[in-house]
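Please read the structure below before turning to the comments.
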Amino acid sequence: MMIETGGSGRLWLLSGPGSSYALHLTERDELLHLHWGRRIALRDAEALAADPLPAERPFESVLDGHEEYPVEGGPRFVRPALSVRSRQVRGTEWCFEEYETAADPAAGHELRLHFHDSLHHLDLTLHYRMRPGCDVVERWTTATHVPNGHRDPLELLRADAATWTLPHRDGWRMSQLHGRWGAESRLVHGPLTPGERLIGSRRGHTGHQHLPWFALDAGDAGEEHGEVWTGALAWSGSWRIAVAALPDGRVQATGGAGHDDAGLVRLDPGDSYTSPVFAALWTGGGFGAASRAWHAYQLAHVVPGGQRLRPVLYNSREATGFDVGERQQRELARRAAAMGVELFVVDDGWFGDRAGERSGLGDWTPNQDRFPGGLKPLADEVHALGMQFGIWVEPEMVNPDSDLYRAHPDWVQHHPGRRSTEYRHQLVLNLARTDVREHLAERLDALLHSAPVDYLKWDFNRCFTDPGWPGERYPERLWTAHVEGLYELIDRLRAAHPGVAVESCSGGGGRVDLGILARTDQVWTSDNTDPLDRLRIQHGFSQLHPARVMAAWVTDSPSPMLNHRRSSLRFRFVSAMAGVLGIGVDLLDWSAEERAEAASWVALYKTVRPVVQHGDLYRLRPPGEGGDLSAVQYVLGADTVVLAWLPAQAFGAPVPPLRLRGLDRDASYRDVTTGVVQRGAVLAERGLRTTLAGDLDAAVFHLRRL
Ligand code: DGJ
């Protein structure tokens, strides 16, 4: 990775192992994009910079589609990345001030371009960072209202993290991960037609509807070939990415915090705003290479302790609902430990007056009837059984029927005089308020001191609907300040309790993004634990995020949550083994035979876990709408693991072999279970033969290079 400067100090070339990104400043301080794609040399970038802009025409902008960060105002008609309003004027006109580069062997190389708008007294810095060993370009923006002897504030209506400019191609296809509750992160592709495609959330959290991710290709990329440009926003609140196909065929994607442009923050003189990071990468190796690059980046540079393996978890949520109690949890813990479980989690129901959804949220002390001695006796027993101990919390929420709400009704987001929406009988606390954060930090800290807790499942079960903040002079900032408050709270707890892992959950996968993953250890992928539906959810999820953060549970059959599908333990385990394995069944109801079979799956998972959680992922065959075979492969060093699923065998057709990837063609591979040895080239060309047959069959193969 390196950053080179050319063009008399007005051109920059950022290069990773396989790609380059170049930009330059014209004499008129226009910051123009030059290149994003295969690696080029500095002299190539300088040659690109020598190309003049097209001639001006009254109905067109010569800047549109070329600028690194289009601001509002002047000869531009594209959606602005920056929109600033002061009492006198709206829009931005900047002068370039200076640039800086910084290099740190661990953190990477950073380029900062400083601009100033003298009318607004606004300093604007565009940041670019490349992490070691990665082709990911991280971009973000900072805006500072410089003290100037006046007291008038500035308003940032919009301040995107970055605008990404694509090269010229004859046509474009956009891929996105869309969904809803119980059906998150499903991959769809479609041609990018002229106009704009908007994805985002105006719900206050990342949302189940779209992952903040896009991929663009010229329609010719496949799983293992072709150019792919892909970006992901590191933000857990409302957000927007606008992908525009401009009239001249140029394509740009701009994105940042906030969905609408109705006001992000107010900057008094001396105040600053820092946007979230918008990361992006180019690869010439198709969607598979793009995913592997994203996974490696997150494990090395985003997820805390990404190189540590995640434990096998047990959670009784689907089995017991809110009806949790100490005796029952102890018995479940004994059975879970005997099956090889490593982390035992008590879900919703252990605290306050929490008999169901209607009460108790906000009162983070153990329920006296259910846990008379607090959580410590159970946590100690779980530890004595050789497992870690975890609990569920939902700190950002409160039930109106709770001691916290009775004491502080003003702590919730609300518009005085308006009806509040009580989704799931709960209201959202205003984490933008310091007193609310202080209270939560103190309560959660006391909780973590009261019992040896190793893990928090941090849930968030409703969207913002009443984002009022009485008494605040600029209530619009609640949308961003809540998220910044959440980040601060988690960061503070993690610093005080470094041994505690955190899972991000939001009614399943409603808060999955690079921002939350920078401070959590894994995410709850979906409340839908049906093993067949999960294959498609996991397929989409894997486009961006690694298996190491994707919690996946085996639950009871018929599938209790959604569709009552019946499936074998084998199918359920192999489906969940594609991520961080968890078990969510009613162990009190399971026979000794079922528990013994589950124990053998857990043992198998542990042998393949390093390869699944840290290996390179190859999606061999995607899960389809119909009954087709699907499979994934992971490669780590000499080890290869293949997970394969056959939903339904049609017409007695033979199940095709799986052509493996990422192997050494000249080496031989031994199947760890059967001892059969096969050549790498044979596994790649003819493929790995499976014995899959019938309906909902699945298999695990573990091969080791000799
Ligand atoms: C929603 C989560 O996604 C579930 O796993 C469970 O923790 C419930 N909340 C508890 O209320």
Side-chain angles (χ1 to χ4, degrees), residues 179-185 203-209 211 236 310 313-325 329 332 343-364 366-367 370 389-399 401-402 422-429 453 455-463 501-513 516 520-531 533-534 537-538 541 549-556 559-562 576 579-586:
R180 58 183 165 81
W181 175 84
E184 298 89 332
S185 61
R203 297 161 184 262
H205 64 123
T206 324
H208 301 80
Q209 291 67 26
L211 258 68
S236 314
R310 291 300 304 150
L313 159 162
Y314 175 78
N315 180 316
S316 66
R317 169 70 190 169
E318 288 201 15
T320 61
F322 289 97
D323 190 17
V324 296
Q329 293 291 310
L332 287 167
L343 165 61
F344 181 85
V345 181
V346 182
D347 209 283
D348 198 350
W350 58 267
F351 53 90
D353 185 17
R354 186 70 167 168
E357 288 181 356
R358 289 176 178 272
S359 57
L361 274 184
D363 300 338
W364 301 112
N367 180 291
R370 295 174 171 203
F389 178 69
I391 50 171
W392 178 95
V393 288
E394 194 178 5
E396 295 151 89
M397 301 291 169
V398 69
N399 286 121
D401 184 2
S402 67
E422 291 183 18
Y423 278 145
R424 215 191 186 219
H425 312 285
Q426 61 194 58
L427 299 166
V428 190
L429 288 170
V453 174
Y455 158 101
L456 291 177
K457 175 175 174 183
W458 189 298
D459 210 342
F460 179 91
N461 278 304
R462 56 155 295 174
C463 309
V502 182
E503 173 172 301
S504 168
C505 172
S506 172
R511 189 144 70 189
V512 179
D513 59 80
I516 203 71
T520 53
D521 297 76
Q522 61 187 56
V523 295
W524 182 221
T525 318
S526 176
D527 278 345
N528 182 346
T529 53
D530 171 73
D533 285 354
R534 266 299 178 107
I537 291 172
Q538 294 175 177
F541 187 97
V549 304
M550 184 178 76
W553 295 0
V554 170
T555 53
D556 278 315
S559 188
M561 283 294 279
L562 286 167
V580 178
L581 178 64
I583 298 174
V585 303
D586 188 354

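Along the sequence shown, residues carry numbers from 1. We count ligands from 1, going down the list as the structure has it; atoms in each ligand are counted the same way.
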**Minimum heavy-atom distance Trp524-Val512, with the two atoms named** = O-CG2, 4.5 Å
**Request:** Please name the pair of heavy atoms, one in Ile537 and one in Thr525, separated by the smallest distance, quoted to 0.1 Å.
**Result:** CG2-CG2, 3.9 Å
**Prompt:** Step by step, would you call Glu394 with Arg462 a salt bridge (charged side-chain N to carboxylate O under 4.0 Å, His left out)?
**Reply:** CA-CA 11 Å; Glu394 194 178 5; Arg462 56 155 295 174; over 6 Å; no
**Message:** Strictly under 4.0 angstrom, heavy-atom based: which residues surround ligand 1?
**Reply:** Arg317, Asp347, Asp348, Trp392, Arg424, Lys457, Asp459, Asn461, Cys505, Gly507, Gly508, Trp524, Asp527
**Lys NZ or Arg CZ of Arg370 over Phe322 ring: under 6.0 Å, within 45°** = no
**side chain to side chain donor-acceptor pair (under 3.5 Å) partner of Asn399, the single match among Glu357, Gln426, Arg354** = Arg354
**Message:** Does atom CZ (Arg424) have a neighbourhood of more than 12 heavy atoms from anything else shown, all under 6.0 Å?
**Reply:** yes
